[in-house]
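Throughout, numbering of the chain's residues begins at 1 and tracks the sequence. Here the structure is a predicted model, which means the values were calculated and not measured.
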Amino acid sequence: MMQRYDDTEQGGGAGPSPINPLPPVVIVLFAAIMAVEAMFTLGAQGLAGGPQAIGWRLGAIQTYAFSADIFQWMLANGRWPAEHLLRFVSFPFVHANFTHALFAGIMVLALGKFVGEAFRGWAVLVVFFGASIGGAVIYGMIVGSGVPLIGAFPGVYGLIGAFTYVLWLRLGQEGGPQLRAFTLIAFLMGIQLVFGVLFGGSADWIADLVGFVCGFALSFAVSPGGFARLRDKLRHE
């Protein structure tokens with residue numbers, strides 16, 4: 001099993017707590033998502049910012065959401081303005097509404113706790129933002145519509161990829177069927193397919209799926225002993 005980094009040091013200290021606290025980096029991600037959403041929600045209800053605050057969310061989408069059209073323009077012209085490059089890491093903090101943000105935040109807490117107990121804090125950030133950027137890039141290359149990409153879900157799916165990686169390794173160590181590790185992503189993609197068929201869907205699932213692949217792949221690099229662990233596994237097969 002992968003080493004946990006919140007164990008108490010040996011010698012004289014109290015034993016490890018039966019309830020592990022949330023990793024600080026996960027708390028920061030959740031707080032950032034909900035703080036931005038709280039600003040938009042309070043502004044829309046007239047509780048902050050005055051009359052102009054009603055348009056804060058729309059303004060943020062125009063300025064900070066990832067745009068496939070802008071990305072394709074940058075590719076075509078070879079120009080990469082900083083204000084548009086910022087969109088790759090700012091879109092996860094802009095959501096369509098409070099429910100959208102809350103659901104994303106809860107998933108960050110749940111998955112981030114599991115992943116954060118196996119990975120260091122910087123590795124959790126690499127997975128989250130790497131998956132967000134990777135999902136946006138492929139979304140921008142495939143989707144030609146003007147619908148912006150917003151929300152933390154590509155990053156959340158990256159955490160699902162890291163979660164799957166940890167289960168995949170654990171099942172391998174225990175001699176279990178490693179395909180079971182992919183049950184969660186198969187279930188989530190199935191749900192998205194059903195909802196898309198019944199109610200019509202957007203192309204966001206592309207960014208989500210790519211986010212999962214990026215999160216799983218990045219885990220080989222950022223997990224403790226990642227490449228060495230994979231090399232040893234391949235040698236024994």
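Atom CG of Leu171 and atom CZ of Arg180 lie 5.5 Å apart (nearest 0.5 Å). Atom CG of Leu109 and atom CG of Leu29 lie 9.5 Å apart (nearest 0.5 Å). Thr63 contributes atom OG1, which lies 10.0 Å from atom CD of Glu83 (distance to the nearest 0.5 angstrom). Distance check, rounded to the nearest 0.5 Å: CZ of Arg87 to CD1 of Ile61 gives 11.0 Å.
In this structure, Leu86 and Tyr64 have side chains that are in contact, with non-hydrogen atoms separated by less than 4.5 Å. A 4.5 Å side-chain heavy-atom check between Ser223 and Tyr165 finds at least one atom pair inside the cut-off. Using a 4.5 Å cut-off on side-chain heavy atoms (C-beta onward), Val127 and Val115 make no contact. With contacts defined as side-chain heavy-atom distances shorter than 4.5 Å, the pair Lys113/Val26 does not qualify.
Distance alone, capped at 3.5 Å, places no donor-acceptor pair between the Arg79 side chain and the Met74 backbone.
Ring-centre distance between Phe182 and Phe216: below the 6.0 Å cut-off.
In the model, Glu37 has a side-chain atom that pairs as donor or acceptor with a side-chain atom of Thr41 under 3.5 Å.
Using cut-offs of 30° and 60° for the angle between ring planes, the Phe129 and Phe93 rings count as tilted.
Residues passing the ring-ring contact (aromatic ring centres under 6.0 Å, His included) test with Phe98: none are found, sequence neighbours excluded.
Sorted pairs that involve residues 24-57 and meet ring-ring contact (aromatic ring centres under 6.0 Å, His included), not counting sequence neighbours, are lacking altogether.
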Name each donor-acceptor pair under 3.5 Å that joins a side chain in residues 146-157 to protein atoms two or more places apart or in another chain, with its distance.
from, atom 1, to, atom 2, distance (Å)
Tyr157, OH, Gln192, NE2, 3.0

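Counting non-hydrogen atoms of other residues, nucleotides and ligands closer than 6.0 Å to CZ of Phe71 gives a total above 12. A 6.0 Å sphere centred on CZ of Phe114 holds more than 12 heavy atoms belonging to other residues, nucleotides or ligands.
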